[in-house]
Asks: 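Dropping the structure in here first, questions after.
Since the model is a prediction, treat every value here as computed from it, not as a measurement. So you know, we letter chains A, B, ... as the sequences are listed, proteins then strands, and number each from 1.
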There are 2 protein chains.
Amino acid sequence: MTTRRDAVHDTLRGSSGFRSAQDVYAEMRLHGAKIGLTTVYRALQALADGGKVDVLRTDDGESVYRACATDAHHHHLVCRKCGQTVEVAGPAVERWAETVGSEHGFTEITHTVEVFGTCSSCSTPSRTA
Amino acid sequence: MTTRRDAVHDTLRGSSGFRSAQDVYAEMRLHGAKIGLTTVYRALQALADGGKVDVLRTDDGESVYRACATDAHHHHLVCRKCGQTVEVAGPAVERWAETVGSEHGFTEITHTVEVFGTCSSCSTPSRTA
DNA sequence: AAGGACTTTGACAACCGTTTTCATTTTGGC
DNA sequence: GCCAAAATGAAAACGGTTGTCAAAGTCCTT
């Protein structure tokens, strides 16, 4: 059954940012779910393989996952403080990547584009109190 | 002394693609260098911190390094077969990232952009014999 | 319902790249 | 030559991730 996998997917949907496998595991346990870390990893991989969630790597090599609102190709604008993420399209970037690639004789072009910044909530100094 | 660090830097310069710390270490040992893995890691970090080399993460979480021809901000077009890398500029992308970020109220925008493809040498089928 | 084959699960160990530790060596200054 | 500070590197520690494998669950057939 895919019950566990769905549970993992649901947990991910409950968050607006990217979460690590261990985050998801911890949260599920907090909410009383009976699930093992191994299963969370497997569910996340399956979800990622099926294009149900997006994956990216943090600077320290951790894989983080996020349930995307759309199946279409898109990129992310991630707040480096709170992790809040906005899905953004970048047609211009897609074209640029293709162009740059073919100019140099490369084929089967793919690309990774992620934008980081500090969101308005986090950039308001007096908001931390 | 920075002798070891220079040696690491030189080794990196001898390659046209991104190399992992362990790759660099292995190659240096092959060429008879007396150096420890720890030192290679430290040298690579120092080089990266000083902006002397570019770092990125492979899909499996390994850090790979490359000696850049320029200190200026640029991106990479990497062959997914042989690793050959071309440095590319993308002013349009820089602007796009800024625009997208500020449209959503984000500040201090940074971005990661890498383009992957198959280079002309690697895409020629009969070249493998 | 019972039996059996196949799948899923999860505790735990193994992995692997990376970082830390710490004793030793090297370097530079006096 | 001597001492203090920095660099080195072997080995241990670390941390996220993956593999192992036996136990549990599921589904189909009888």
Asks: Provide the closest heavy-atom pair for Ser120(A) versus Ser123(A) in the form atom of the first, atom of the second, distance.
Replies: O-OG, 3.1 Å
Asks: Would you please name every residue forming a salt bridge (Lys or Arg N to Asp or Glu O under 4.0 Å) with Asp23(A), sequence neighbours left out?
Replies: Arg19(A)
Asks: Phosphate oxygens OP1/OP2 of dT19(C): is one of them under 4.0 Å from a side-chain N or O of Gln45(B)?
Replies: yes
Asks: Taking CG from Asp49(A) and P from dT18(D), how many angstroms apart are they, rounded to a whole number?
Replies: 11 Å
Asks: Rounded to whole angstroms, how far apart are OH on Tyr41(A) and P on dA14(C)?
Replies: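 Nearest whole value for this atom pair: 18 Å.
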Asks: Take atom CD1 of Ile35(A) and atom P of dG25(D), then tell me their distance rounded to the nearest Å.
Replies: 15 Å
Asks: Who clusters with Ile109(B)? Use side-chain heavy atoms, under 4.5 angstrom, across I, L, V, M, F, W and Y, and order the result by chain and number.
Replies: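 Joined to Ile109(B), directly or through intermediates: Leu77(A), Val86(A), Val88(A), Val93(A), Trp96(A), Val100(A), Phe106(A), Ile109(A), Val113(A), Val115(A), Leu77(B), Val86(B), Val88(B), Val93(B), Trp96(B), Val100(B), Phe106(B), Val113(B), Val115(B).
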Asks: Listing request: all ring pair (Phe, Tyr, Trp, His ring centres under 6.0 Å) pairs with a residue in residues 29-65 of chain A, at least two apart in sequence or in separate chains.
Replies: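 Residue pairs with at least one partner in residues 29-65 of chain A: there are none.
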Asks: Could you give all pairs that pass the ring pair (Phe, Tyr, Trp, His ring centres under 6.0 Å) test and reach residues 11-30 of chain B, with sequence neighbours left out?
Replies: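 Of all non-adjacent pairs touching residues 11-30 of chain B, those that pass ring pair (Phe, Tyr, Trp, His ring centres under 6.0 Å) are Phe18(B)-His76(B).
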Asks: Measure CG/Leu37(A) against P/dT18(D) and give the value in whole Å, please.
Replies: 11 Å
Asks: Could you check which of dG9(D), dT9(C), dT18(C) has an atom nearest any side-chain atom of Ser63(B)?
Replies: dT18(C)
Asks: Is there a path from Val40(B) to Val55(B) through hydrophobic residues (I, L, V, M, F, W, Y) whose side chains come within less than 4.5 Å of each other?
Replies: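 Yes, Val40(B) and Val55(B) fall within the same hydrophobic cluster.
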Asks: I'd like a table of atom pairs between the protein and nucleotides 19-22 of chain D - only N or O on both sides, under 3.5 Å - with the distance next to each one.
Replies:
unit_1, atom_1, unit_2, atom_2, d
dG19(D), O6, Thr38(A), OG1, 3.3

Asks: If you check every side-chain atom of Arg4(B), which of dT17(D), dT19(C), dG9(D) has the closest atom?
Replies: dG9(D)
Asks: Rounded to whole Å, how long is the line connecting atom CG of Asp23(A) with atom P of dT17(D)?
Replies: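 Asp23(A) atom CG is separated from dT17(D) atom P by 10 Å.
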Asks: For Lys34(B) and dG9(D), give me the distance from atom NZ to atom C1', rounded to whole Å.
Replies: 14 Å
Asks: Taking CD from Glu62(B) and P from dT18(D), how many angstroms apart are they, rounded to a whole number?
Replies: 14 Å
Asks: Mapping Asp60(B) and Thr39(A) onto DNA chain C by nearest heavy atom, which one lands closer to the 5' end?
Replies: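 The residue mapped nearer the 5' terminus is Thr39(A).
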Asks: Quick one: Tyr25(A) OH to dG16(D) P, roughly how many Å, whole number?
Replies: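 Value for this atom pair: 13 Å.
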Asks: With sequence neighbours excluded, what pairs up with Thr112(B) under the side chain to side chain contact (heavy atoms under 4.5 Å, CB included) test?
Replies: Glu114(A), Phe116(A)
